[in-house]
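This report refers to the structure that appears directly beneath it.
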Protein chains: 2
Amino acid sequence: MQDTTPQTSRGDDTTRRIMDTAAEVFSEVGYAGARVDAIAKKANVNKAMIYYHIGDKKTLYTRVLHEHFGQAANRMRELLKQAQTPEEKIKTYIHYINQVMDENPSKAAIMMREMAGGGRSLPDVVVEDIATIIGSVVQIIDEGISQNRFHPVNPMCVHLMVIGALMCHKASRPIRQKLPHIADAMDQMAAMDHGDFVNGIETLILRSLTKQNTA
Amino acid sequence: MQDTTPQTSRGDDTTRRIMDTAAEVFSEVGYAGARVDAIAKKANVNKAMIYYHIGDKKTLYTRVLHEHFGQAANRMRELLKQAQTPEEKIKTYIHYINQVMDENPSKAAIMMREMAGGGRSLPDVVVEDIATIIGSVVQIIDEGISQNRFHPVNPMCVHLMVIGALMCHKASRPIRQKLPHIADAMDQMAAMDHGDFVNGIETLILRSLTKQNTA
DNA sequence: GGTTAAACTAACTGTTTAGTTAAACTAAAT
DNA sequence: ATTTAGTTTAACTAAACAGTTAGTTTAACC
C-alpha cells in the first residue's frame, strides 16, 4: 500500500527501495549469487518493476556499483585540498575512507567481493576512481618522504593496510557477534565503535610512517 | 582418458581434482554463485562424480573450507613456540599468515568472500581456529605491552591490518593487472613480489607497535 | 467524468540449476 | 574368463532462475 506522504513520484520511491535492497543482497551473496526474485521480495516490489524502472540484473548491479563507489575520488580530492601537512592528509584520507564505508552497511562487503573477484564486474569509471584514490595516496606518501617527515615506504602497503583493515572490520561484525568468547577475550574491542577502531588505525599508520625527528 | 602413471586409487585422484577446482570456482564467484556443472566441467569430471565422491554442493564447500582453513591455528602455535621476543612473534605471525595465503591462490579470495558474507557458511571448527589465531595475536601484543616494548594498542587493529592488507594484496592482483597506468604510477609495486609486500607490511607493523627505547 | 501516461501485477516462457538414477565401464581379484 | 566393487556416465527430474508480456491500477491532467 502506497505511503500517502507527499514526495517525488512513486517511481522514484520504488527505485530507491530497489537500489537499497539490491545493495544489501549483492553484499550478502555477490552478483552471481543474487536472485532477482529475492531482491524484489525483499524490496516488497513485483519483480517486473525492477526491469521497468532499472533494467536487467547486470544493469542493476552496475548502477549499484556506480552509486556506491562512483565520485569517491573527487570527494576525497576536495577534502585533501584543506589539509596542509602529509600527516594531516593521511588522517583526512583514512577518515574519508572510513566515512565512505559507513555511508551504507553494504559498501564494505561489496568492495570485498569485488576485490575477491578480481574486479571483473567493476565499471571502468569506478576502476578509474580507485586508480585516482591510489594516486592520491602515492602523492601524499611521496610528499611526506620528500619533506623528510615519512620513512620511505611502499604506498600500496599503506593503502591496503588502511582499506583492508577498515573493510574487514566492517564486514566482519557478524563474525565477532557470533563469537562471544572472542568478544570476552577482547572486551574493549567488542564494545568498540567505529570511531575508536579508525582512530586506532590512524595512530598505527602515522606511527609507522612518521620519522621521529618531526615535531 | 585416465592417466596411466601408478598412483593411489583413481577415486583419490578424482577427489583431488574436484577439491582443487571447487576451491577455484568458490573463490571466483562465491558459494551461492558457484555452479556444480561449472566445477565438474572445469575439473573434467562428470557432475555425478562430485556427488559420489564428496556429496552435495554444501558438503563440498564445507570440505573446501576445512581443507584450506582448518588446523591453521595449530600450525601457527607450533611456529610461535620457536620465537622468543614479542617482535619475533609478530614477525612469525605475519609471515605465517602470508605463507598460508600463498599455499593456494584461491585462499585469499575465499577468506574475503566468507568475511564479506559475515562468516555464515564457516564451519564451527574453522571459526574456532580463527578465534585461536586472534587469541594468539592478543597474547603477543599483551606480552609486548607488559614488557614495555610495545605501545598500548588494540590487537584487533593490528590483526585486521595484517590480514586485510595481505588478503587485499593477493586478491587484487587481477585489478592491478587491469590497470597498466596504476602499474606505471607505482612501477616498483607492479614489479613487487609477495616477499617484498609482506616485508613492507612487517616493517610498518613493527614500527607502529615498537617503542623507541627498545634496542 | 474522461483521458492518458506512468506505475504496477500475475502469469508466463525458456533456460539453468542441484541433485538422482540406472546402466556402463574399469581394474583388481579369483 | 569371470566376478565384483569401485568408478564413471548420459540422461533425467523437479525446482529455481532471469526476463517478458498483456493487462490492470493509479494518479495527474484536462
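We name chains A, B, ... by the order of the sequence lines, and we start the count at 1 in each one.
Taking only side-chain nitrogens and oxygens, A:Y51 comes nearer than 4.0 Å to OP1 or OP2 of D:dG19. An OP1 or OP2 oxygen of D:dT8 is reached within less than 4.0 angstrom by a side-chain nitrogen or oxygen of B:H53. The side chain of B:T14 contributes no N or O atom lying less than 4.0 Å from OP1 or OP2 of D:dT7.
Taking 4.5 Å as the limit, some side-chain heavy atom of B:L80 sits within range of a side-chain heavy atom of B:I140. For the pair A:N104/A:I110, no side-chain contact is recorded, criterion being any heavy-atom separation below 4.5 Å from C-beta on.
Here D:dT9 is the nucleotide among C:dG19, D:dA18, D:dT9 with the atom lying nearest to any side-chain atom of B:A48.
Checked by atom type, the side-chain pair B:T15/B:D12 shows no donor-acceptor distance below 3.5 Å.
The distance from atom NZ of A:K41 to atom C1' of D:dA18 is 17 Å, rounded to the nearest whole Å. Straight-line distance from the CG atom of B:D12 to the P atom of C:dT26: 19 Å, rounded to whole Å. For the pair A:D13 CG and D:dA27 P, the computed distance is 12 Å after rounding to whole Å. Distance OH (B:Y52) to C1' (C:dT21): 14 Å, rounded to an integer number of Å. For B:D37 and D:dA16, the CG to P distance is 17 Å, given to the nearest whole Å. Protein atom CD1 of A:I50 is 9 Å distant from nucleotide atom P of D:dA18, rounded to whole Å. Rounded to whole Å, atom P of C:dT21 lies 18 Å from atom CE of B:M49. One atom, CD1 of A:I54, and another, P of C:dC8, lie 11 Å apart when rounded to the nearest Å.
Of all heavy-atom pairs between B:Y96 and B:A72, the closest is OH-O, 2.6 Å.
Among the protein residues, B:A34 comes within range of the sugar-phosphate backbone only, with heavy atoms under 4.0 Å from sugar or phosphate atoms but none that close to a base.
Listed by chain and number, the residues in a salt bridge (charged side-chain N to carboxylate O under 4.0 Å, His left out) with B:E78 are B:K81 (sequence neighbours excluded).
Positionally, the nearest nucleotide of DNA chain C for A:N46 lies more toward the 5' end than for the other of A:N46 and A:R35.
Taking 3.5 Å as the limit, the base of C:dG19 and the side chain of B:K47 contain a donor-acceptor pair of atoms between them.
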